[in-house]
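Right, one structure below, let's go through it.
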Number of protein chains: 2
Amino acid sequence: MNPQAEPVCDEPHAHRRDRRKPSVDEATLGRAAELFAALGDPPRLRLLALLAQGPACVSDLAEDEQEGMSTISQRLKVLRSASLVRRRRQGKHVIYALADQHVVDLVFNALAHASEAQVVGKPKE
Amino acid sequence: MNPQAEPVCDEPHAHRRDRRKPSVDEATLGRAAELFAALGDPPRLRLLALLAQGPACVSDLAEDEQEGMSTISQRLKVLRSASLVRRRRQGKHVIYALADQHVVDLVFNALAHASEAQVVGKPKE
DNA sequence: TCATCGGTTCAATGATTAATGAATTGATGA
DNA sequence: TCATCAATTCATTAATCATTGAACCGATGA
């Protein structure tokens, strides 16, 4: 009575759900989540967008963001422990830069996707 | 005396930092951050990995994860408001699935990257 | 209509996490 | 060595977020 494409659920609870195996190991999943979590904060993501324009030292970033150096340093610490940025000393200054091209792509892709999208609007219910 | 690739900083604070323009608008950045934040939690990411194997209803996901339905439902709510998953009703059940291929790619890429990596280890200092 | 089942929402609680200023470290130049 | 400047760390406080069970909603079948 319902020969459609999607499988029907006439049995009491039969969604074609054969037991799923543990798809990914926890360690991998944890690292991926940590990476996403580091990206999932507007101030930190803005910092990355800034670094995408080129390396910069902490005080310059602090000036751009109009925040204290302590605050910026803490944000960079999170990004660094997720391996998203690198740092090197240069005299009194510490220069930060995006870790690699992969990160650059990740940031740009996310921003591009986020600026498109929103066409359909997200479901409110 | 130092004709290398990286610009040198001999002036008191000259890192080739011409004033940066506001690279991205806040709204876009905010949406991108929300998306990352939704992905940045191991239990939620695990849920997505599970859904990457195919659609499933809440009670099955709850069983797989050995959690209450309320907990799973809340997690799905976060994923849904970030437009990462879709849902449809099927009789008494509500079936969740990844929103689109883009999300599938995103999840797989992240997991792939997280399982490679770690080769160099993250900087402890 | 009523009872039941799957799912969601609500409100309270506990746990993470970000921001902030003070103290500290490290490098430079006097 | 000392003073200074850039940056980090530390400890406190505030804010955010995840979890949980109870109440509620919506579809189904008796």
Side-chain angles (χ1 to χ4, degrees), chain A residues 1-2 8-15 17 30 33-47 55-82 85-97 123-125, chain B residues 8-15 17 30 33-47 55-82 85-97 123-125:
Chain A
M1 210 152 286
N2 214 334
V8 185
C9 178
D10 39 13
E11 290 289 285
H13 199 210
H15 308 286
R17 288 246 328 139
E34 185 193 357
L35 188 131
F36 282 134
L39 291 163
D41 177 63
R44 279 195 299 263
L45 194 53
R46 196 162 47 233
L47 221 40
C57 69
V58 181
S59 37
D60 283 345
L61 292 170
E63 197 200 336
D64 281 340
E65 296 290 87
Q66 290 288 279
E67 300 265 13
M69 270 198 299
S70 176
T71 301
I72 299 298
S73 186
Q74 299 272 34
R75 290 177 190 163
L76 288 169
K77 187 197 181 105
V78 174
L79 294 175
R80 202 164 79 92
S81 86
V85 300
R86 285 159 180 269
R87 69 173 174 183
R88 68 190 143 93
R89 266 219 114 105
Q90 194 168 87
K92 290 181 183 176
H93 294 266
V94 176
I95 313 288
Y96 280 84
K124 263 317 169 213
E125 172 65 21
Chain B
V8 186
C9 178
D10 41 11
E11 289 288 285
H13 198 211
H15 308 285
R17 287 246 328 138
E34 185 193 358
L35 188 130
F36 283 134
L39 292 162
D41 177 63
R44 280 196 300 263
L45 194 53
R46 197 163 45 235
L47 221 40
C57 69
V58 180
S59 36
D60 283 345
L61 292 170
E63 197 200 337
D64 283 339
E65 295 290 87
Q66 290 289 278
E67 299 266 14
M69 270 198 299
S70 176
T71 302
I72 299 298
S73 187
Q74 298 273 34
R75 289 177 189 164
L76 288 169
K77 187 196 180 106
V78 174
L79 294 175
R80 202 164 78 92
S81 87
V85 300
R86 286 160 179 272
R87 68 172 175 185
R88 69 191 143 91
R89 265 219 114 111
Q90 195 167 89
K92 289 183 184 176
H93 293 266
V94 176
I95 313 288
Y96 280 84
K124 264 320 168 212
E125 171 58 23

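Order of the sequence lines fixes the chain letters, A, B, ..., with proteins taken first and strands second; residue numbering starts at 1 for each chain.
The side chain to side chain contact (heavy atoms under 4.5 Å, CB included) check on A/V58 picks up A/M69, A/I72, A/L76, A/Y96, with sequence neighbours excluded. For B/R44, there are no side chain to side chain donor-acceptor pair (under 3.5 Å) partners two or more places apart in sequence or in a different chain. The salt bridge (charged side-chain N to carboxylate O under 4.0 Å, His left out) search around B/R86 returns none, not counting sequence neighbours. A search for side chain to side chain donor-acceptor pair (under 3.5 Å) contacts involving A/E67 returns A/R75, not counting sequence neighbours. When the side chain to side chain contact (heavy atoms under 4.5 Å, CB included) test is applied to A/A38, the partners found at least two apart in sequence or on another chain are A/V78, A/L79, A/A82, A/L84.
Considering CG of A/D41 and CZ of B/F36, their distance stands at 12.5 Å, rounded to 0.5 Å. A distance of 7.5 Å separates OG in B/S73 from NZ in B/K77, rounded to the nearest 0.5 Å. To the nearest 0.5 angstrom, A/C57 atom SG is 12.5 Å from A/K92 atom NZ.
Rounded to whole angstrom, the span from the CG atom of A/L61 across to the P atom of D/dA6 amounts to 14 Å. What separates CG of A/L47 from C1' of C/dA19 is a distance of 14 Å, to the nearest Å. Protein atom CD of B/Q66 is 16 Å distant from nucleotide atom C1' of D/dT20, rounded to whole Å. Rounded to an integer number of Å, the gap from A/R88 CZ to D/dA6 P is 17 Å. Following rounding to the nearest Å, B/E65 (CD) and C/dG7 (P) show an atom-to-atom distance of 15 Å. Atom CD in B/E67 sits roughly 10 Å away from atom P in D/dG21 (whole-Å rounding). For B/D41 and C/dT16, the CG to C1' distance is 11 Å, given to the nearest whole Å. Atoms CD (A/E63) and C1' (D/dA6) sit 14 Å apart, rounded to a whole Å.
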| query | In B/S/- notation, 5' to 3', how is nucleotides 25-30 of chain C contacted by protein heavy atoms closer than 4.0 Å? | reply | --SS--

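With the nearest nucleotide of DNA chain C identified for both B/M69 and A/V78, B/M69 has the one nearer the 5' end. When the nearest nucleotides of DNA chain C are assigned to B/L76 and A/P43 by heavy-atom distance, the more 5′-ward of the two goes with B/L76.
Under a 3.5 Å cut-off, the side chain of B/E65 and the backbone N or O of B/A62 do not form any donor-acceptor pair.
When the side-chain nitrogen and oxygen atoms of A/S73 are compared with OP1 and OP2 of D/dT9, none of them lie within a distance under 4.0 Å. For A/Y96 and D/dT8, the shortest distance from a side-chain N or O to OP1 or OP2 is below 4.0 Å.
In the set C/dG7, D/dT8, D/dT19, D/dT8 carries the atom at the smallest distance from any side-chain atom of A/R87. Across D/dT19, C/dT8, D/dA18, the shortest atom-to-atom separation from the side chain of B/T71 is found for D/dT19.
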Look for any protein N or O under 3.5 Å of an N or O in nucleotides 10-12 of chain D and output each such pair with its distance, or none.
from   : atom 1 : to    : atom 2 : distance (Å)
D/dC10 : N4     : A/Q74 : NE2    : 2.8

